[in-house]
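Before any comments, here is the structure.
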Number of protein chains: 2
Amino acid sequence: MREGAERPLRADAARNRSSLLAAAAREFAERGPDASVADIARRAGIGKGTVFRHFPTKEDLLAAVVLDRIEDLAALAARLANADDAGAALLEFMDEAAGRQQQLDLSFLRESGEVNERLAGARERLFAAIIALVERAQAAGAVRGDISGMDVILLMCAPNHVVSFVPDAPPDLWRRYLGIIFDGLRPEGARPLPHPAP
Amino acid sequence: MREGAERPLRADAARNRSSLLAAAAREFAERGPDASVADIARRAGIGKGTVFRHFPTKEDLLAAVVLDRIEDLAALAARLANADDAGAALLEFMDEAAGRQQQLDLSFLRESGEVNERLAGARERLFAAIIALVERAQAAGAVRGDISGMDVILLMCAPNHVVSFVPDAPPDLWRRYLGIIFDGLRPEGARPLPHPAP
DNA sequence: TAACAAGTTGACCGCCCGGTCCGTTTGGCT
DNA sequence: AGCCAAACGGACCGGGCGGTCAACTTGTTA
């Protein structure tokens, strides 16, 4: 049998796999990366052993969920890459990004970075797409010049994190903080920044 | 024996208590609120049982550390309350706040909120002082009008959090993101915010 | 339909954690 | 010095975690 030739999953296995991924996505989103495998399995309606048959490690499961998110965001960024209003495109990207990954914050940045080959690749593609969005927005004069793409990547999820501390937050309060942060990215009234970008 | 009349600690107990608090502060700052009690005890050079003699619960220990931070910040805010330049005072407060509590983020906002009476009181005093700083800065025209004190409280620690995701971050990279966020609080170029303050 | 590989399962393992307990040590008072 | 309450410390406990395994079930293929 060749390396790349993967035999198709059995029907029940494929069904279990997809409900497992869905359950893991919900559970990680709600409880963070420390959600227990047993809870995820229960939520997916499968046994704990089955989880480890599909993913050798909890970290691999998390990486699979994160990979989905990354590819989702990369597709979004690609779709916005040629928008007419580059500034609005960047804002829309940050808005959608924050909205989609409620709570599953930047863990995809460092977590399992070297563990998973595909994940590292997808992350690079996402980063490149974001950087392109930022540079177009800068060229259009919608974003200050002393900002790097990495700045946007880092600030992207701050709204969700910030909101996670208010007890009964309305579900779109994060938009308020995205608004504030995005205003900080605008050229109007920008002060020189005290430290170079990473 | 009266209620309020607390007998003084024995000399060794007082010594242990303070080194315990110091170790806990360092350990919580480095590893987050999930730092283990055993590690803290080892770092303080005392037995695990001694930790629980001083604080009945790990959460109480964390609350004590957090209380220190809160009172520290409240004193800072009080010192800046009458500064000449109200805008600079607010910026300095956020700068110092972010700098002092490297990584021990906003947990003090919700964690152990109702557990500890003193902590809740100190938190209210800190909040009031921050709100006063913000209102003075607004009156001076240094901060946009549609911002509440709570916004500043929530955004205060975002720089630290954001920076915690970059692998080998220089120790004052957070200043960059504080700069961006603070620019977002300025009146110049502010767009209307999409959601009311909490 | 018969037979087998692929898939499933929950009991089980080792580990680490917060918290308890009691035998031991030690500082303060007379 | 001698006493004792206060303080100490580490073995210990119960619980939950990630991960394993061998017995069992099921989809697929001929």
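Each chain gets a letter, A, B and so on, in the order the sequences are listed, and its residues count up from 1. It should be emphasised that the depicted structure is a prediction, and the values quoted were computed from it without experimental measurement. Computed over heavy atoms, backbone and side chain alike; hydrogens, waters and symmetry mates excluded.
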In this structure, CG of Asp146(B) is separated from CZ of Arg191(B) (nearest 0.5 Å) by 12.5 Å
Just N and O in the side chain of His54(B): are any of them under 4.0 Å from OP1 or OP2 of dA7(D)? no
Write down the protein N/O and nucleotide N/O pairs, taken from nucleotides 22-27 of chain C, whose separation is under 3.5 Å; answer none if there are no such pairs.
unit_1  : atom_1 : unit_2   : atom_2 : d
dT26(C) : O2     : Arg10(B) : NH1    : 3.2

Phosphate OP1/OP2 of dC8(D) contacted by Asn16(B) side-chain N/O (<4.0 Å): yes
Check whether any side-chain N or O of Lys48(B) sits under 3.5 Å from a backbone N or O of Ile40(B) as a donor-acceptor pair, and report yes or no. no
How long is the gap from CZ on Arg186(A) to CG on Asp183(B), to the nearest 0.5 Å? 12.5 Å
Paired with Met156(A), the side chain to side chain contact (heavy atoms under 4.5 Å, CB included) test is passed by just one of Leu178(A), Asp95(A), Ile130(A), Asp151(A), namely Ile130(A)
Just checking, any donor-acceptor pair under 3.5 angstrom between side chains of Asn160(A) and Tyr177(A)? no
Can you tell me how far P of dG18(C) sits from CD of Glu27(B), to the nearest Å? 11 Å
My understanding is that only residues two or more places apart in sequence, or in another chain, count here; which of them pass side chain to side chain donor-acceptor pair (under 3.5 Å) with Asn16(A)? none
Who are the side chain to side chain donor-acceptor pair (under 3.5 Å) partners of Arg42(A), not counting sequence neighbours? Asp39(A)
Checking Thr57(B) side chain against Glu59(B) main chain: does a donor-acceptor pair fall under 3.5 Å? no
Going 5' to 3' through nucleotides 14-20 of chain D and flagging B where a protein heavy-atom sits under 4.0 Å of the base, S where only the sugar-phosphate is that close, and - otherwise, we get ---SBBB
Salt bridge (charged side-chain N to carboxylate O under 4.0 Å, His left out) pairs, two or more places apart, involving residues 11-22 of chain A: Arg10(A)-Asp12(A)
Nearest 0.5 Å, please: how far is CG in Asp34(A) from CD in Glu27(A)? 11.5 Å
Distance in angstrom units between Ile40(B) CD1 and dC16(C) C1', rounded: 15 Å
How bent is the helix from dT1(C)-dA30(D) to dT30(C)-dA1(D), comparing axes over its five end pairs at each side, to the nearest 10°? 10°
Rounded to whole Å, CG of Leu9(A) lies from C1' of dA5(C) at a distance of 14 Å
To the nearest angstrom, how far is Leu20(A) atom CG from dT9(C) atom C1'? 14 Å
Any Thr50(A) side-chain N or O less than 4.0 Å from OP1/OP2 of dT9(C): yes
Rounded to the nearest angstrom, tell me the gap between atom CZ in Arg17(B) and atom C1' in dA6(D). 15 Å
To the nearest 0.5 Å, what is the distance between CD (Glu71(A)) and CG (Leu76(A))? 13.5 Å
Write down the distance between CG (Asp60(B)) and C1' (dT20(C)), rounded to a whole number of angstrom. 16 Å
